[in-house]
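Down below is the structure, laid out as structure tokens.
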Amino acid sequence: MNLLTQLRGLFEPVLAPLAPDPAKLADYLGMIRPAANPDHGDYQANFAMPLAKAAGKKPPELAKEVIAALPANEVVESAAVAGPGFINLKLKSDFLAAAVRGIATDPKLGVPPADPPRRFVIDYSSPNVAKPLHVGHLRSTIIGDALTRILRFQGHTVVTDNHLGDWGTQFGMLIYGYRNFLDKAAYEADPVRELARLYVHVRNQFRKGDDEDEGPTDDPVKKACQEETARLHRGEGDNVALWREFMPHCLADLHTVYDRLGILPFDFEHGESFYDPMLSGIVDRLIATGTAVVSQGAVVIPNAAGRVPATPDELAKEEPPALVRKRDGAFTYTTSDLATVDYRVEHFRPDAMLYVVDFRQALHFKTFFAQARRMGYDRVELTHISFGSVLGPDRKPKRTRDGGVEELLPLVSEATAAALAKYEANAAERRSFGHEVPELGDAEKRAIADVIGVGAIKYADLSQNRTSDYVFDADRMTSTEGNTAAYMQYAYARCRSIFREGGVDEARFRTDPPAVVLAEPAERALALQLLRFPEAVDAAAADYLPHLVTGYLWDLAKAYSVFFESCPVLKAPTPELRDSRLLLVDLVGRVIKQALDLLGIRVVERM
RNA sequence: GCGCCCGUAGCUCAACUGGAUAGAGCAUCGGCCUUCUAAGCCGAUGGUUGUGGGUUCGAGUCCCACCGGGCGUACCA
């Protein structure tokens with residue numbers, strides 16, 4: 001049940017004979033869309049202009065013909081030609097009322113099952129373990145989690161895989177730190193904490209301005225760490241044993257953060273170490289099939305033009321080749337990525353693989369996807385779900401290494417504290433106006449603040465187009481006004497409050513729904529908005545854009561606020577209207593709760 | 001140098017992928033609490049969509065040039 005699909009189905013038989021090219025029929029039907037301006041009706045159709053041009057007619061005339069040819073139906077109340085040839089569509093209120101009543105019994109609230117359902121592998125979060133998680137990791141995690149929930153809700157199969165950075169220099173640093181600076185008592189008491197201290201301590205031994213990258217260095221400490229890393233990779237000494245000892249602690253630390261944020265458990269956490277044993281086989285295969293060649297002692301895959309530019313001069317002119325084995329014999333991330341595709345295709349048989357990684361790796365994914373296709377993986381959709389940088393309030397990209405590392409957990413605490421303060425202030429203000437405000441226990445208050453605070457952080461991220469850069473402003477996101485999680489949660493709490501105050505059991509509205517009456521404009525607008533939920537889910541899933549769900553939520557919650565102000569529910573003029581409004585309120589609550597759940601955000605019964 | 005992305009109200013962002021008078025929130029100003037939660041609602045102010053051309057019935061959106069910013073450019077991931 002999707003209003004748009006239904007409308008398009010109505011127009012299809014009329015447009016089919018008019019479309020000059022049958023392949024373009026879908027395009028024309030796509031020009032039926034929600035009205036940009038509510039004054040123009042509920043939906044608008046914009047196909048008359050291009051269609052008239054192809055037919056050599058005037059758009060308004062063609063629009064009139066289309067309207068006249070429209071089959072009799074129970075959906076469209078009126079269709080009017082306006083402006084240069086727009087068709088403004090108004091839907092029948094009776095139809096809307098019946099449709100709303102129809103979704104009341106649907107656990108999926110009108111969202112149809114995906115047809116056909118697809119199998120996805122989504123790769124997201126992918127932090128370097130043993131380093132503190134900072135705000136830069138937030139976006140991939142939150143966006144990937146939301147996409148997983150959205151696609152699963154549609155009925156797709158989603159395998160989630162956290163491609164951990166668990167085989168890099170940071171472990172050389174930990175091993176070096178363990179050997180030189182370990183506080184044994186502290187390690188036994190709280191290994192995670194001591195490892196974190198060691199990492200930072202070793203990092204501080206590096207010369208100023210030096211980073212952790214591989215490559216030649218004359219920094220003695222960095223060199224020592226690199227040597228420990230190399231020994232780990234070669235399986236020498238007890239480095240592997242130490243790595244095995246550290247890993248569970250690092251993972252436990254990571255999962256603490258995920259739990260705090262309410263991130264779905266990953267199906268797999270196959271990190272770099274998992275794929276390491278497969279890398280040499282991949283390179284051998286690439287060479288054997290002629291996909292890769294040896295160049296300057298390294299093994300590379302030529303670029304899309306089939307060339308291997310190597311000199312700075314050549315590299316200035318064209319796309320670089322992909323390095324799969326370095327001169328020193330070590331493998332690269334490209335090798336690892338190809339091994340990952342290989343493994344996933346064999347084990348999960350996906351229709352699509354999504355990589356939720358920031359936009360700076362766009363070139364890498366472009367070339368890596370091309371290489372994967374050349375290796376024979378040309379039947380699986382490979383998509384880079386790119387997102388913008390996390391910027392500080394100064395609009396400069398937030399960086400881990402620029403000193404001020406912004407860790408995640410303190411930030412979550414800050415957000416929940418702000419939510420708690422807001423609750424107290426709000427309760428005090430309500431009391432000063434003589435309202436009865438229930439005195440909640442500390443535990444309940446903290447639970448509410450937790451849901452709102454975590455929701456604020458996620459919503460602030462998800463409500464932006466993911467391709468934009470993202471200014472991380474703690475004050476703004478924990479604000480409770482406007483298009484924020486708190487506004488949606490508040491709307492939900494108001495829905496629940498009506499049932500609580502009225503002592504009404506909502507079960508009846510979900511199993512045996514009463515007739516719906518749409519008398520007031522606010523009721524009609526709300527019903528229309530409720531019926532658009534499937535459109536929003538479709539759109540968000542089609543382009544992997546969670547902000548289309550928040551945009552929908554914002555419209556729905558606003559429509560509910562207007563309804564809430566103008567339409568008494570418990571004291572409705574007639575029992576029929578009371579029942580009808582109760583059904584609407586119950587449905588609004590369910591849709592808000594479901595839509596927020598698609599974003600990984602929880603709700604509270606009161607706030 | 002070459003390539004990718006971005007530039008929309010004072011600030012933060014939308015604009016359903018070429019549709020009607022470019023919309024929200026914050027901030028500012030004004031109004032609404034003896035009626036289901038005022039974390040709310042109603043209203044006002046605020047724009048040459050970086051600049052200049054072009055394409056067409058129609059451009060924030062597509063093309064070209066320029067200005068400004070970010071990022072990337074095989075042996076970091």
Side-chain angles (χ1 to χ4, degrees), chain A residues 30-31 33-34 36-37 40 44 46 49-50 52-53 59 82-86 88 126 128 165 168-169 211-215 272 295-298 300 303 308-310 315-328 330 332-334 336-337 357-364 366-367 386 388-389 391 395-397 419 422-423 425-426 429-430 433-437 452 463-465 467-469 471 473 476 479-484 486-487 489-491 493-494 497-502 535-536 539 543 545 547-548 551 554 558 561-562 564-566 568-571 585 606-607:
Chain A
M31 292 179 188
R33 56 182 53 173
N37 181 340
H40 297 145
Q44 64 181 54
N46 304 335
M49 282 81 82
K53 191 170 182 179
F86 297 102
N88 291 334
S126 310
N128 285 321
T169 319
D211 57 28
E212 289 160 29
D213 292 350
E214 298 286 350
E272 293 165 347
S295 162
Q296 306 193 356
V300 302
N303 66 18
V308 183
L315 285 164
K317 286 198 189 97
E318 58 181 320
E319 211 168 79
L323 198 74
V324 291
R325 195 171 69 202
K326 300 193 272 187
R327 249 201 304 270
D328 65 6
T332 69
Y333 53 96
T334 299
S336 177
D337 279 339
V357 181
D358 79 85
F359 77 105
R360 287 174 295 186
Q361 295 191 34
L363 178 60
H364 164 62
K366 188 184 161 201
T367 55
S386 167
S389 297
L391 308 178
R395 291 210 70 99
K396 293 261 172 65
K422 183 74 184 178
Y423 173 83
N426 180 50
E429 195 194 346
R430 302 300 304 143
F433 276 103
H435 293 269
E436 274 188 45
V437 179
I452 294 170
S463 58
Q464 277 193 50
N465 187 326
T467 59
S468 315
D469 284 349
V471 175
D473 183 332
R476 198 187 301 278
S479 143
T480 58
E481 290 165 346
N483 186 8
T484 62
Y487 184 96
Q489 289 162 328
Y490 182 64
R494 280 170 136 188
S497 157
I498 289 175
F499 281 86
R500 195 168 51 241
E501 291 300 308
E535 287 173 26
D543 292 324
L545 291 172
H547 85 285
L548 297 179
W554 174 231
K558 271 192 296 191
S561 286
V562 173
F564 188 89
E565 300 284 329
S566 59
V569 178
L570 295 172
K571 293 179 181 168
V585 171
R606 65 176 102 207
M607 61 188 278

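Below, read A as the first sequence line, B as the second, and so on, with proteins coming before strands; counting in each chain starts at 1.
Using a 5.5 Å limit on the distance between ring centres and a 30° limit on the angle between planes, the aromatic ring of A:His547 does not count as stacked on the six-membered base ring of B:A14.
Taking atom C1' on both B:G7 and B:U49, the two are 9 Å apart, rounded to the nearest angstrom. Using C1' as the reference atom, B:A9 and B:G25 are 12 Å apart when rounded to the nearest Å. Using C1' as the reference atom, B:C66 and B:A22 are 25 Å apart when rounded to the nearest Å. B:U45 sits 27 Å from B:G52 when the P atoms are compared, rounded to a whole Å.
In this structure, CG in A:Asn303 is found 9.5 Å from OG1 in A:Thr367, a value given to the nearest 0.5 Å.
A sub-4.0 Å separation between OP1 or OP2 of B:A14 and a side-chain N or O of A:Ser468 is present.
Pairing of B:C41, defined by two Watson-Crick or G-U wobble distances under 3.5 Å, is identified with B:G31.
The pair A:Glu501-A:Lys571 does not count as a salt bridge, with every side-chain nitrogen at least 4.0 angstrom from each carboxylate oxygen.
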Give me the distances for all protein-to-nucleotides 22-31 of chain B N/O pairs that come in under 3.5 Å?
from  : atom 1 : to       : atom 2 : distance (Å)
B:A24 : O2'    : A:Trp554 : NE1    : 3.0

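With hydrogens and angles ignored, a donor-acceptor pair under 3.5 angstrom links the side chain of A:Asn88 to the base of B:A20.
Map A:Arg606 and A:Phe359 each onto its nearest nucleotide of RNA chain B; the residue landing nearer the 5' end is A:Arg606.
Summarising the geometry, the separation between CD on A:Gln44 and C1' on B:C16 is reported as 11 Å, rounded to the nearest angstrom.
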